[in-house]
> 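The structure is given below, and queries will be raised subsequently.
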Number of protein chains: 2
Amino acid sequence: MDVRALETLRAVRSQGGVTAAAGVLHLTPSAVSQQLAGLTRDAGVALTERVGRGVRLTAAGEALADAAVDVAVALERARTACAVFQDGPTGTVRVAAFQSGAWLLFPRLLTRVAARGGIELRCSDEDVAQRAFAALTDSHDLVVAHRPEDGEPGWGEGVRVVPLLREPLDVALSVDHRWADRASLTPADLADEDWISVRTGFPLARALADVGLRSDTTPRVVQRINDFHVVEALVAAGHGIALLPRFACGGHPGVRLVPLAGARAGRQVDVLVRPDVAERRAVAVVLAELVAVAAEIGGGPGLRPG
Amino acid sequence: MDVRALETLRAVRSQGGVTAAAGVLHLTPSAVSQQLAGLTRDAGVALTERVGRGVRLTAAGEALADAAVDVAVALERARTACAVFQDGPTGTVRVAAFQSGAWLLFPRLLTRVAARGGIELRCSDEDVAQRAFAALTDSHDLVVAHRPEDGEPGWGEGVRVVPLLREPLDVALSVDHRWADRASLTPADLADEDWISVRTGFPLARALADVGLRSDTTPRVVQRINDFHVVEALVAAGHGIALLPRFACGGHPGVRLVPLAGARAGRQVDVLVRPDVAERRAVAVVLAELVAVAAEIGGGPGLRPG
DNA sequence: GCTGTCGTTGTAGCGTCACTGCATGGACGT
DNA sequence: ACGTCCATGCAGTGACGCTACAACGACAGC
């Protein structure tokens, strides 16, 4: 029973298909298929079953994929076991984050990690839908993801979740808006406004719908923009209002953030990491620094990154 | 980091050398050496160091060998994970035991396992010194070993120990001996007798020395025979007396076993199994049957195998 | 001190195995 | 009904690990 094949099986599960798994493994789909065939032969039971034009893991496949994670963890522990006998944690760590999270965290994180020395950070921002965050753990060591705070915390199977911070969502108004000077706003106040939201399937889309539920209305979404800086520009120009995270936004001079009263709106920012990757000392160090950065930001709501 | 190489490192530790490890792995010493070299390159630290004309594991090597056991366990769990989705436990299990243990346990064990079906037993008797028992776990799934009951229970590193039974040691006399009809004997009674013991380094050699200590004498050993049936034949012919285990001996018509009073003498019978091998369902079943057989024997001291 | 032997380490040759590329078959959407 | 996408099977090729052989170092005996 080959470890590479087990890793492949795990990738097929998290990526949801042979071709996608081949992508993150830097292989051809044919190679993945052959590894699965060999693994199935070793296991003696079917591990995948065809569903439509794709494949899905059987119950046995799921169990084996779970076991594959344990194998990977044990292997990584083995690497760590002899790594302590040499120098400190070293190597490159690949970190992915959604844009506003990247804007909020990466500058401080890079500073702190550079100060420690020995670890090279490879940061990248990824604009993916809610369900796609877990799959990023195949190509990145640490994945900073966000979700509605009241949503289920289920990110996916075989992925460890480390909470970073809860970020309140404020109402972003143009400074020329009639309520720009209000200390707070209720859902009822916002019933008849033009809204700028994000694309459906992305974490903050549901947060706005939840706010609408409080006033028994459906928010009138006139634009769907994912990049918050673009949203800010639109809000400043008076093209609508938006729900924006407090820490990551608010720098635009033409935009005012007003807290929401009578409704609890927020997003939860988590770090996703595969258990085996988490065993790497360098990854553990970066994760700890990430938590520290989040504590700094969450502790003082007015803080800016840098 | 290859799992084969990790397994090789573990074998080098338990076998105490490259050539011996190559033997149990069915490889040439050159292949083992190359695997070690590759593993050392991956680890970044020296895993072995030369001592005399052999090698020894460094601290890093020991740590990595420990981790290798965990990897093997995880891999075996993976196999078991999908094995539950097919049929019951199956396969062949290799069991080794010292001679008198084999005589005592194998017949009943074979009967019980055959009654379950699906598992093929490959039994063998091994006459090795105390320290060599642990190394047998590389070539056998289960190893039945024995040791003086008051000795340290340390069998070796990375091996799981399951106690089977404690077996008292009685004094074996010829039926013509002047004390053959005594109900019990004290160490002082035996101070001036000719003894038949086992070869030095074997478990029961120390038990006799301990009995001698109780009477402040050194037992006069006139023969050293490892096979208890040969010992019985010599005792019956009046060539000396011996310390023999109660359950495994006593069938000879010319020999009488007399309990020892005033001194507690016994041997402890254990099963040695590698943690990864213990994960195999078939091995676990056989181990459970072995424990059951031992309970039968230990429960009624007069029982004979069959 | 020299020699014989044992055990580990390096090198050339070879076999095996896994991956690439391409072709095939099935399933969904237009 | 056709095109597209995805998974799978098959031949070719490359790399990797093993065997066989040779060399070096270390211990024991004369």
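Letters go in sequence order (proteins before strands), and every chain restarts at 1.
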> Who passes salt bridge (charged side-chain N to carboxylate O under 4.0 Å, His left out) against B/D125, sequence neighbours left out?
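Per chain and number, B/D125 pairs via salt bridge (charged side-chain N to carboxylate O under 4.0 Å, His left out) with no residue.
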
> State which residues pass salt bridge (charged side-chain N to carboxylate O under 4.0 Å, His left out) with B/R199; sequence neighbours excluded, sorted by chain then number.
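Only B/D127 meet the salt bridge (charged side-chain N to carboxylate O under 4.0 Å, His left out) criterion with B/R199.
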
> At 4.0 Å (heavy atoms only), tell me whether B/G17 reaches a base, stays on the sugar-phosphate, or touches nothing.
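Touches sugar-phosphate only.
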
> Is the count of non-hydrogen atoms from other residues, nucleotides or ligands lying under 6.0 Å from A/R220 atom CZ greater than 12?
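Buried by this count: over 12 neighbours within 6.0 Å.
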
> Show me the side-chain donor-acceptor pairs of residues 32-46 of chain B shorter than 3.5 Å, one per line, residues at least two apart or across chains.
| unit_1 | atom_1 | unit_2 | atom_2 | d |
| --- | --- | --- | --- | --- |
| B/Q34 | NE2 | B/S30 | OG | 3.2 |
| B/Q35 | OE1 | B/T8 | OG1 | 2.4 |
| B/T40 | OG1 | B/L36 | O | 2.7 |

> At a heavy-atom distance below 4.0 Å, what parts of residues 4-11 of chain B sit against DNA chain D?
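When residues 4-11 of chain B is checked for heavy atoms under 4.0 Å from DNA chain D, the hits, listed by number, are B/R4.
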
> How long is the straight-line distance from OG1 of A/T19 back to CG of A/L27, given to the nearest 0.5 Å?
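Separation between the atoms: 12.0 Å.
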
> Between B/R94 and B/H140, is there a side-chain donor-acceptor contact under 3.5 Å, judged purely by atom types and distance?
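Their side chains do not contain a donor-acceptor pair, so the 3.5 Å distance test is not met.
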
> Can you list every salt bridge (Lys or Arg N to Asp or Glu O under 4.0 Å) pair that touches residues 17-36 of chain A, not counting sequence neighbours?
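Output for this query is empty, none listed.
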
> Along DNA chain D, 5' to 3', what are the outermost nucleotides having an atom less than 4.0 Å from a heavy atom of chain A?
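On DNA chain D, the outermost contacted nucleotides are D/dT4 to D/dC10.
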
> For the helix from C/dG1-D/dC30 to C/dT30-D/dA1, what angle separates the axis at the start from the axis at the finish, each from five pairs, in steps of 10°?
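Roughly 30°, once rounded to the nearest ten degrees.
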
> Run the side chain to side chain contact (heavy atoms under 4.5 Å, CB included) test on A/I119 and A/V93 for me, step by step, so that the C-alpha distance in whole Å, both residues' side-chain angles and the decisive distance to 0.1 Å come before the verdict.
CA-CA 7 Å; A/I119 298 178; A/V93 177; 3.9 Å; yes

> Which comes earlier along DNA chain C counting from the 5' end, the contact point of A/V51 or that of A/A31, where each point is its nearest nucleotide?
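Looking at the nearest nucleotide for each, A/A31 comes out on the 5' side.
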
> Considering residues at least two apart in sequence or located in another chain, which fulfil the ring-ring contact (aromatic ring centres under 6.0 Å, His included) criterion with B/F228?
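Testing B/F228 for ring-ring contact (aromatic ring centres under 6.0 Å, His included), a comparison that skips the adjacent residues, returns none.
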
> Not counting sequence neighbours, which residues clear salt bridge (charged side-chain N to carboxylate O under 4.0 Å, His left out) with B/D2? List them please.
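Result, salt bridge (charged side-chain N to carboxylate O under 4.0 Å, His left out) vs B/D2: none returned.
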
> From CG of B/L27 over to P of C/dT8, roughly how many Å is that when rounded to an integer?
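Taking CG of B/L27 and P of C/dT8, I get 14 Å after rounding.
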
> Could you tell me whether the side chains of A/Q15 and A/D138 share a donor-acceptor contact shorter than 3.5 Å?
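The criterion, which ignores hydrogens and geometry beyond distance, is satisfied for A/D138 and A/Q15.
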
> Mind checking what makes salt bridge (charged side-chain N to carboxylate O under 4.0 Å, His left out) contact with A/R122, not counting sequence neighbours?
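A/R122: salt bridge (charged side-chain N to carboxylate O under 4.0 Å, His left out) contacts with A/E120.
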
> Whole angstrom is fine here: how far is it from CG in A/L39 over to P in C/dC17?
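Between P of C/dC17 and CG of A/L39: 17 Å.
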
> Once you round it to whole Å, what is the distance between C1' of C/dT20 and CD of A/Q35?
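Rounded to the whole Å, the gap is 13 Å.
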
> Please tabulate, one pair per line, each protein N/O and nucleotide N/O from nucleotides 9-13 of chain C that are separated by under 3.5 Å, including the distance.
| unit_1 | atom_1 | unit_2 | atom_2 | d |
| --- | --- | --- | --- | --- |
| C/dT9 | OP2 | B/S33 | OG | 3.2 |
| C/dG10 | O6 | B/S30 | OG | 2.9 |
| C/dT11 | O4 | B/Q34 | NE2 | 3.3 |

> Are A/T28 and C/dT20 close enough that a side-chain N or O sits under 4.0 Å from OP1 or OP2?
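For A/T28, the contact criterion (side-chain N or O under 4.0 Å from OP1 or OP2 of C/dT20) is met.
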
> Only pairs at least two apart or in different chains count here, so list each salt bridge (Lys or Arg N to Asp or Glu O under 4.0 Å) that has a residue in residues 12-32 of chain B.
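Residue pairs passing salt bridge (Lys or Arg N to Asp or Glu O under 4.0 Å), neighbours aside: B/R13-B/E62, B/R13-B/D66, B/R13-B/E157.
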
